[in-house]
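Structure first, then comments.
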Amino acid sequence: MNAADLKIKNLVDYKNQTYTITEIFHGANHDYFVKIENDFHSISVPADSIKPIQITEEWLEKFGFLRTYISEQRIRYERPETFIKYDFDLSSKKIMEGLKIYGNSIRCKYIHEFQNIFSCLFGKEPATSSFGLLKTES
């Protein structure tokens, strides 16, 4: 992954496990490295060795979204804030898929992108439920 797209507390995948980024730094060759942690490991790895986590219905529910609509064309999830939605476009074109904030469509396919957008807009991390890797913040 590109280190410029990452920030502390982003959730990422490394070797099929979910980790939280706790530090981003330059290595000896000026390559970027990240320190990542989960309940079992705390390691530093090259930033380009971690992978983004695809947004799924399960992940949206962990971030407080609830399914509010389903049809043959679309599945919609909404957060308690009425202006944040996420649509899964079930058509082959995927034109309507993605995050909707205040009615604006935002290309957002990965968890770290959602975390970064939410953090920029609201000045805090999105709270997660039933998930130990990211603490709930106010």
Side-chain angles (χ1 to χ4, degrees):
M1 288 182 65
N2 184 349
D5 296 335
L6 301 173
K7 68 180 202 61
I8 305 299
K9 297 187 181 177
N10 278 159
L11 296 173
V12 294
D13 178 87
Y14 180 70
K15 295 188 176 182
N16 297 316
Q17 292 186 36
T18 301
Y19 287 86
T20 301
I21 293 177
T22 59
E23 189 177 342
I24 302 169
F25 58 95
H26 275 102
N29 296 332
H30 300 288
D31 294 332
Y32 279 100
F33 283 77
V34 292
K35 182 176 180 185
I36 54 177
E37 296 180 356
N38 65 16
D39 291 339
F40 310 104
H41 305 284
S42 177
I43 55 175
S44 295
V45 297
D48 60 6
S49 69
I50 59 175
K51 306 262 187 265
I53 300 171
Q54 183 91 27
I55 291 177
T56 63
E57 292 183 64
E58 179 184 4
W59 274 105
L60 288 177
E61 290 172 1
K62 289 177 184 178
F63 279 105
F65 285 81
L66 295 172
R67 186 187 310 181
T68 59
Y69 178 80
I70 187 166
S71 72
E72 290 183 20
Q73 293 83 30
R74 179 178 61 181
I75 299 172
R76 171 163 282 177
Y77 277 81
E78 297 183 42
R79 279 187 48 99
E81 306 89 352
T82 57
F83 49 84
I84 300 177
K85 301 167 179 37
Y86 195 94
D87 287 339
F88 289 99
D89 187 342
L90 302 177
S91 74
S92 60
K93 295 184 181 180
K94 305 287 185 210
I95 295 171
M96 300 298 292
E97 186 160 291
L99 188 63
K100 315 282 189 280
I101 299 180
Y102 291 111
N104 296 301
S105 294
I106 300 170
R107 275 238 175 284
C108 180
K109 295 170 40 174
Y110 302 108
I111 294 301
H112 75 280
E113 293 172 333
F114 169 70
Q115 289 178 290
N116 294 349
I117 291 166
F118 193 95
S119 177
C120 286
L121 288 175
F122 303 108
K124 62 183 180 179
E125 296 297 319
T128 57
S129 59
S130 305
F131 195 66
L133 292 175
L134 183 67
K135 294 180 180 140
T136 303
E137 301 216 355
S138 317

Just wondering, more than 12 heavy atoms not from Y32 lying within 6.0 Å of its OH?
no
Can you confirm whether K100 is buried at NZ, in the sense that more than 12 heavy atoms of other residues, nucleotides or ligands lie under 6.0 Å from that atom?
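Yes, the 6.0 Å shell around NZ holds more than 12 heavy atoms from other groups.
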[X] (side chain) donor-acceptor with [Y] (main chain) under 3.5 angstrom:
{"X": "K51", "Y": "D48", "result": "no"}
{"X": "T22", "Y": "K35", "result": "yes"}
{"X": "D87", "Y": "D89", "result": "no"}
{"X": "N116", "Y": "E113", "result": "no"}

Under the salt bridge (charged side-chain N to carboxylate O under 4.0 Å, His left out) rule, collect the residues that match up with E81, sequence neighbours excluded.
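For E81 the salt bridge (charged side-chain N to carboxylate O under 4.0 Å, His left out) partners, ignoring immediate neighbours, are R79.
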Could you pull out all residues at least two apart from Y102 that satisfy ring-ring contact (aromatic ring centres under 6.0 Å, His included)?
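Listed in chain order: F83.
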Holding to ring-ring contact (aromatic ring centres under 6.0 Å, His included), I want the full list of residues that pass it with Y86, two or more places apart in sequence or in another chain.
F88
Find the distance between CG (L90) and CD1 (I75) and round it off to the nearest 0.5 Å.
4.5 Å
What distance separates K9 NZ from Q115 CD, expressed to the nearest 0.5 Å?
10.0 Å
Should F114 and L60 count as side-chain neighbours, where that means a heavy-atom distance under 4.5 Å?
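No. Closest side-chain heavy atoms not under 4.5 Å.
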